[in-house]
Amino acid sequence: MTTTGLPDRDRLPTYLAPVPKKIEDLGLRYAWLVVAVNLGGTVFGFWYYRHQFAETTTVMWPFVPDSPVATLLIALAIASWKLGHERPWLTALAFFGNVILGLWTPFTLLAFFDAYAYLHPVMYHFLFWSHLAMVVQAFVLHRITNFPVGAVAVALAWYGVGLIVDYSVPIVGDPHHTLIPVARDTPMFLGADALGVVAAGETAFTLLALFLALSTRVKKLEAIAGPLPDDS
């Protein structure tokens, strides 16, 4: 702990801790406000998905509201930490969710920019920038957890299953990914169709979250024990 009562900031490479320390400190100092904002985003997100809920079999609802579940997870993770009971598996889930969905939504909004013309510009920009803010807050979580391997495994299992259900094996009904504004088989680029593009994006961001979490784990251990002899 620092003299301000906030958790220490480990010396991590910039790619693992790109948010300036002052902003990290601000977010941790006003953690309950961050929790409240994320809960508000969760409520809005469930409202935003109301039409897809109506079209999806009830048993598969947990796989529909990806972004609001991610903001709920980070609200719960930060609240647990503030109450003195940080749960690494919950923090890892929050990290994965906010990195994956925080990047996937802007990616999708750009990939189908013309098709999203039906959105009011205010709503378009709100969705774009609010989701990028999810990535920013995910990069603060290294201050409250060490990303144990077991916790990372829980997060990878959940979001890995989500990838399968969203794009490959829907189990019940059609694939459960967030609805996109074009037909799934619409030709895109590099020989991919629309479904392939959004699937590739989410897969890439899942792998990125896994790399970042495990790299943070390794760098924190190296800070304690020193780098391995073959470290490059």
Task: Shared hydrophobic cluster, Val34 / Leu26 (ILVMFWY, side-chain heavy atoms < 4.5 Å) - done: no

TODO: Begin with the C-alpha distance, continue with both residues' side-chain angles, and end with the deciding distance and a verdict on side-chain contact (heavy atoms from CB on, under 4.5 Å) for Phe126 and Phe44.
DONE: CA-CA 12 Å; Phe126 171 75; Phe44 171 81; 3.6 Å; yes

- [ ] Consider only side-chain heavy atoms of I, L, V, M, F, W and Y, link residues closer than 4.5 Å, and tell whether Val154 and Val165 are in one cluster.
- [x] yes

- [ ] Carefully, step by step, assess Lys219 and Arg11 under the rule side-chain contact (heavy atoms from CB on, under 4.5 Å).
- [x] CA-CA 8 Å; Lys219 292 300 182 181; Arg11 297 185 64 182; over 6 Å; no

Task: Between CZ on residue Phe139 and CD1 on residue Ile23, distance to nearest 0.5 Å - done: 13.5 Å

Task: Check: Ser67 side chain, Leu101 main-chain N or O, donor-acceptor pair, under 3.5 Å - done: no

- [ ] State the CG-CD1 distance between Leu28 and Ile144, to the nearest 0.5 angstrom.
- [x] 7.5 Å

Task: Inter- and intrachain pairs under side chain to side chain donor-acceptor pair (under 3.5 Å), touching residues 190-199, at least two apart - done: none

Open item on the list: For a quick test of reading the model, state the closest non-hydrogen atom pair linking Thr105 to His131 and the distance between them.
Closed with: OG1-CD2, 3.2 Å

Between side-chain atoms of residues 118-125 and protein atoms elsewhere (two or more places apart, or another chain), which donor-acceptor pairs fall under 3.5 Å?
residue	atom	partner	partner atom	Å
His120	ND1	Val122	N	3.0
Tyr124	OH	Leu109	O	3.0
His125	ND1	Trp129	NE1	3.4

Open item on the list: Let me confirm one number: the CD-CG distance from Glu222 to Leu12, rounded to the nearest 0.5 Å.
Closed with: 10.5 Å

- [ ] Using the six-membered ring of Trp47, assess whether NZ or CZ of Arg50 lies under 6.0 Å from its centre and within 45 degrees of the ring axis.
- [x] yes

- [ ] State plainly whether one hydrophobic cluster holds both Trp158 and Phe95, where clusters connect Ile, Leu, Val, Met, Phe, Trp and Tyr through side-chain heavy atoms under 4.5 angstrom apart.
- [x] yes

Task: N/O donor-acceptor pair under 3.5 Å between Lys220 side chain and His142 backbone - done: yes

Open item on the list: Under 4.5 Å between side-chain heavy atoms, counting indirect links through other Ile/Leu/Val/Met/Phe/Trp/Tyr residues: same cluster for Val37 and Val135 or not?
Closed with: no

Open item on the list: If I take atom OG1 from residue Thr108 and atom CD from residue Glu202, how far apart are they, to the nearest 0.5 angstrom?
Closed with: 8.5 Å

Task: Trp104 side chain to Val198 backbone, donor-acceptor under 3.5 Å - done: yes

Task: Connected via hydrophobic side-chain network under 4.5 Å: Ile78 and Leu33 - done: no

- [ ] To the nearest 0.5 Å, tell me how far Ile100 CD1 sits from Phe107 CZ.
- [x] 14.0 Å

Open item on the list: Working note: Leu93 + Leu76, criterion side-chain contact (heavy atoms from CB on, under 4.5 Å); need CA distance, chi angles, decisive distance, verdict.
Closed with: CA-CA 10 Å; Leu93 281 169; Leu76 294 175; over 6 Å; no

- [ ] Could you please spell out the steps behind the side-chain contact (heavy atoms from CB on, under 4.5 Å) verdict for Val136 and Asn98?
- [x] CA-CA 9 Å; Val136 173; Asn98 280 263; over 6 Å; no

TODO: Working to the nearest 0.5 Å, report the span between CG of Leu39 and CD1 of Ile74.
DONE: 11.5 Å

Name each donor-acceptor pair under 3.5 Å that joins a side chain in residues 207-217 to protein atoms two or more places apart or in another chain, with its distance.
residue	atom	partner	partner atom	Å
Ser215	OG	Phe211	O	2.7
Thr216	OG1	Leu212	O	2.8

Open item on the list: Looking at Phe53, I want to see if its CZ is surrounded by more than 12 non-hydrogen atoms of other residues, nucleotides or ligands under 6.0 Å.
Closed with: yes

Open item on the list: For a quick test of reading the model, state the closest non-hydrogen atom pair linking Ala192 to Val197 and the distance between them.
Closed with: CB-CG2, 4.0 Å

Open item on the list: Between Gln137 and Asn38, is there a side-chain heavy-atom distance shorter than 4.5 Å?
Closed with: yes

Task: Phe112 to Val182 - nearest heavy-atom pair and separation - done: CE2-CG2, 3.7 Å

Task: Basic-acidic side-chain contact under 4.0 Å: Glu24, Lys21 - done: no

- [ ] Considering non-hydrogen atoms only, spot the tightest contact between Arg87 and Ser80 and give its length.
- [x] NH1-OG, 3.5 Å

Task: Heavy-atom closest pair, residues Gly45 and Pro68 - done: C-CG, 3.7 Å

Open item on the list: Testing the basics here: between Ala111 and Met188, what is the closest heavy-atom pair and its distance to 0.1 Å?
Closed with: O-CE, 3.8 Å

